[in-house]
Amino acid sequence: MPLKSRISGTGSYAPENVLSNLDLEKKVDTSDEWITERTGIRERRIVKKGQTTSDLCLEASKKALEAASLAPKDLDMIIVATMSGDMPMPSTAAILQKKLGAKHAAAFDLNAACSGFLFGLSVADKFIRTGASQKLLLVGAEVNSRFIDWKDRSTCVLFGDGAGAAVIEPARGKSGIMSTELHTDGSLWDYICLPGGGSQHPPTAKTVRDRMHFIRMKGNETFKVAVRTLEKLVVNTLKANNVDPSQLAMLIPHQANLRIITATAQRLKLPMNRVAVNVDRYGNTSSASIPIALDEVVREGRIKTGDYVLLEAFGSGLTWASALIRW
Ligand code: UT7
């Protein structure tokens, strides 16, 4: 039987500080009603002063390692999917390696924005299946709150901070990752971007004045592409693996907007009790949203061995991705 990879442990962490829609009403011209109706978000978590992306990674990773009964020194690879790392260089994965004490692990970051965890899962799957890695830690983590324009009501109500982690190990038998599918359309890069601070617009007083170091999004245009693309993606992924939607135990979607999640579930005729939803409590945590939702579903005992679990994401790039897992 060919070698596969499987998720052997999950963990997640969200900062304690809760920012509710009512709190946001005091900051910008918005309302709890608008945010809830248009997005499904009720509150989000925000880091405290001094808390960084690698700090969130550390908490989620410790839980995932414990669930997989592994110690940090057992790891041979760490991948952190993030677009809001501690600093541009070195990687947040390198800083996490130090904080964990995982000195045998090669560590690097990967940026596919909100699709980052699934891009990372696909890379991890290849490393494990080729035998190049035996014990891999994959983390999706974001401190979005430091890259948000708190004066822009069209974006500041959407995002939150958090981290989710998964340990990936070799598997033989029926359980394991069945397929991963990755897509990018770079022609739509400006739908969601953070234009300042890179080689195109290095930081200057002007880039700061022009608020170029914050996330910008063409929300409505992105929404339409997301719904259309994800509906097609989930149908195609199941078809390619000969799995009927009725056989699906759980859909774990990226958590950007409850309306997008519901549309995808309806396309598969899935009842909402078979869909993981936490956008109401965390908002959009970008690359962390899927691993946080996965960890919650695992810990609540909502998936069991042998179940089909479908993960899907959509984000800046534009990128979109899916993974089908036999749990
Ligand atoms: O995670 C990566 C992928 N991201 C996504 O998939 C996000 C996709 N987009 C969305 O989720 C939705 O497009 C949003 C939630 C961002 C926006 O919802 P929408 O239904 O597309 O609203 P809209 O942008 O078309 O704006 C409708 C109205 C506008 O006012 P007018 O022009 O109709 O007078 C906005 O100015 O709502 C206004 N608006 C707000 N009003 C109150 C925008 N933001 C707010 C706000 N509070 N926070």
Side-chain angles (χ1 to χ4, degrees), residues 19-44 81-84 111-120 140-145 147-162 164 182-186 188-194 214-234 252-265 267 276-280 282-293 311-322:
L19 184 71
S20 71
N21 292 350
L22 295 177
D23 296 328
L24 278 166
E25 282 184 2
K26 293 174 203 143
K27 284 177 182 272
V28 283
D29 178 19
T30 191
S31 66
D32 176 39
E33 192 190 356
W34 190 96
I35 304 170
T36 310
E37 273 179 15
R38 301 282 178 130
T39 71
I41 300 166
R42 294 183 183 278
E43 57 188 40
R44 66 290 289 143
T82 188
M83 57 176 198
S84 58
N111 179 355
C114 298
S115 308
F117 184 80
L118 294 190
F119 273 63
E142 308 286 359
V143 175
N144 285 323
S145 61
F147 302 92
I148 280 168
D149 186 346
W150 290 102
K151 291 185 174 165
D152 176 9
R153 69 173 183 175
S154 72
T155 52
C156 77
V157 303
L158 304 175
F159 294 94
D161 304 334
L182 311 180
H183 300 273
T184 302
D185 182 355
L188 302 178
W189 69 268
D190 64 338
Y191 274 32
I192 317 171
C193 63
L194 193 160
F214 298 126
I215 295 171
R216 294 178 182 176
M217 180 162 76
K218 297 181 183 178
N220 195 261
E221 289 91 328
T222 306
F223 182 92
K224 287 177 196 154
V225 184
V227 170
R228 211 171 46 230
T229 306
L230 289 172
E231 285 186 355
K232 212 189 290 174
L233 176 70
V234 291
I252 304 186
H254 169 50
Q255 311 278 319
N257 187 317
L258 186 60
R259 289 186 290 143
I260 300 177
I261 296 171
T262 310
T264 314
R267 181 69 184 79
V277 177
N278 65 29
V279 69
D280 52 327
Y282 301 121
N284 182 347
T285 56
S286 307
S287 69
S289 82
I290 291 178
I292 292 174
L311 286 57
E312 48 89 343
F314 187 90
S316 169
L318 295 175
T319 53
W320 58 100
S322 68

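For the numbers below, each heavy atom of this structure counts, side chains included, while hydrogens, waters and symmetry mates do not. For ligands, and for the atoms within them, numbers begin at 1 and follow the listed sequence.
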Q: So if I count the atoms of ligand 1 from 1 in the order they appear, which ones are less than 4.0 Å from some heavy atom of Asn257?
A: 10 (C), 11 (O), 12 (C), 15 (C)
Q: Counting heavy atoms only, name the option from Gln255, Arg153, Lys218 that's nearest to atom 36 (O) of ligand 1.
A: Arg153
Q: Going by the atom numbers of ligand 1, which of them fall below 4.0 Å from some non-hydrogen atom of Phe314?
A: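 Close to Phe314: 1 (O), 2 (C), 3 (C).
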Q: Among protein heavy atoms, which sits nearest to atom 7 (C) of ligand 1, and what does the distance come to when rounded to 0.1 Å?
A: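 Protein heavy atom at minimum distance: Met217 CE, 3.9 Å.
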Q: With no hydrogens and no angle check, is any side-chain donor or acceptor of Thr36 less than 3.5 Å from a backbone partner on Glu33?
A: no
Q: Closest approach of Asn144 and Ile215, non-hydrogen atoms and distance?
A: OD1-CD1, 4.3 Å
Q: Between Thr222 and ligand 1, is there a nitrogen or oxygen pair with a distance under 3.5 Å?
A: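 No, no N or O pair falls under 3.5 Å.
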Q: Which atoms of ligand 1 sit under 4.0 Å from any heavy atom of Asn220?
A: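 That gives atoms 13 (O), 19 (P), 21 (O), 25 (O) of ligand 1.
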Q: Given side chains that start at C-beta, do those of Val157 and Ile41 come closer than 4.5 Å, heavy atoms only?
A: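 No - every pair of side-chain heavy atoms lies 4.5 Å or more apart.
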Q: Quick one: which of Arg38, Glu37, His254 has a heavy atom closest to atom 22 (O) of ligand 1?
A: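 Shortest heavy-atom distance from atom 22 (O) of ligand 1: Arg38.
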Q: With a 4.0 Å heavy-atom cut-off (strictly under), which part of Phe223 contacts ligand 1: side chain, backbone, both or neither?
A: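 Both backbone and side chain.
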Q: Which atoms form the tightest heavy-atom contact between Ala313 and Cys114, and what is the distance?
A: CB-O, 3.8 Å
Q: Protein heavy atoms near atom 2 (C) of ligand 1, is at least one of them under 4.0 angstrom away?
A: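 True for atom 2 (C) of ligand 1.
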Q: Considering only protein heavy atoms, determine whether one is less than 4.0 Å from atom 41 (N) of ligand 1.
A: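 Yes.
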Q: Is there at least one protein heavy-atom neighbour under 4.0 Å from atom 32 (O) of ligand 1?
A: no
Q: Do you know the tightest heavy-atom contact between Thr82 and Ala141?
A: OG1-O, 2.7 Å
Q: State which residues pass side-chain hydrogen bond (donor to acceptor under 3.5 Å, both in side chains) with Asp280; sequence neighbours excluded, sorted by chain then number.
A: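 Asp280: no side-chain hydrogen bond (donor to acceptor under 3.5 Å, both in side chains) contacts found.
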Q: Closest heavy-atom contact between Glu142 and Thr285?
A: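 That would be CG-O, 3.2 Å.
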Q: Please give me the minimum heavy-atom distance between Phe159 and Arg44, naming the atom from each residue.
A: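 In terms of heavy atoms, the two residues are closest at O-CG, 3.3 Å.
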Q: Say whether, by atom type as modelled, one donor and one acceptor occur between the side chain of Trp150 and the main chain of Ser145 under 3.5 angstrom.
A: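 Looks like yes, one N/O pair under 3.5 Å.
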Q: Measuring from atom 6 (O) of ligand 1, which candidate in Ile260, Thr285, Ile41 has the nearest non-hydrogen atom?
A: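 Heavy atom nearest to atom 6 (O) of ligand 1 belongs to Ile260.
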Q: I'd like to know if the side chain of Gln255 and the backbone of Pro253 have a donor-acceptor N/O pair within less than 3.5 Å.
A: yes
Q: Could you find the nearest protein heavy atom to atom 18 (O) of ligand 1 and give me its residue, atom name and distance?
A: Arg259 NH2, 3.7 Å
Q: Output yes when a side-chain donor or acceptor of Asp32 lies under 3.5 Å from a complementary backbone atom of Glu25, and no otherwise.
A: no
Q: Under a 4.0 angstrom heavy-atom cut-off, which atoms of ligand 1 come close to Ile192?
A: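 With Ile192 as reference, the close atoms of ligand 1 come out as 2 (C), 3 (C).
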Q: Test your reading of the structure: does Trp34 have an N or O sitting under 3.5 Å from an N or O of ligand 1?
A: yes
Q: Would you check whether Ala226 has a nitrogen or oxygen atom less than 3.5 angstrom from a nitrogen or oxygen atom of ligand 1?
A: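 There is no such contact.
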Q: Under 4.0 Å from ligand 1, counting heavy atoms only, is it the side chain of Asn284, its backbone, both or neither?
A: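 Looking at Asn284 and ligand 1, just side chain atoms fall under 4.0 Å.
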Q: Scan residues 215-226 for pairs that pass salt bridge (charged side-chain N to carboxylate O under 4.0 Å, His left out), counting only residues two or more places apart or in two chains.
A: Asp190-Lys218
Q: Return the minimal non-hydrogen interatomic distance between Ser287 and Phe117, and the atom names on each side.
A: O-CB, 3.5 Å
Q: Numbering the atoms of ligand 1 from 1, which are under 4.0 Å from a heavy atom of Ser154?
A: 44 (N)
Q: If hydrogens are left out, which of Gly283, Gly315, Gly219, Ala313 has an atom nearest to atom 9 (N) of ligand 1, that is, the closest non-hydrogen atom?
A: Gly219
Q: Considering only heavy atoms of Thr39, which atoms of ligand 1 have at least one such atom less than 4.0 Å away?
A: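 With Thr39 as reference, the close atoms of ligand 1 come out as 15 (C).
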Q: In ligand 1, which numbered atoms sit nearer than 4.0 Å to a non-hydrogen atom of Val157?
A: 48 (N)
Q: Which atoms of ligand 1 sit under 4.0 Å from any heavy atom of Cys114?
A: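 Close to Cys114: 1 (O), 2 (C).
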Q: Can you report which non-hydrogen protein atom sits closest to atom 46 (C) of ligand 1, along with the distance?
A: Thr30 OG1, 3.3 Å
Q: Hey, does Thr222 have a side-chain heavy atom less than 4.5 Å from the side chain of Phe314?
A: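 Heavy-atom side-chain distance check passes, below 4.5 Å.
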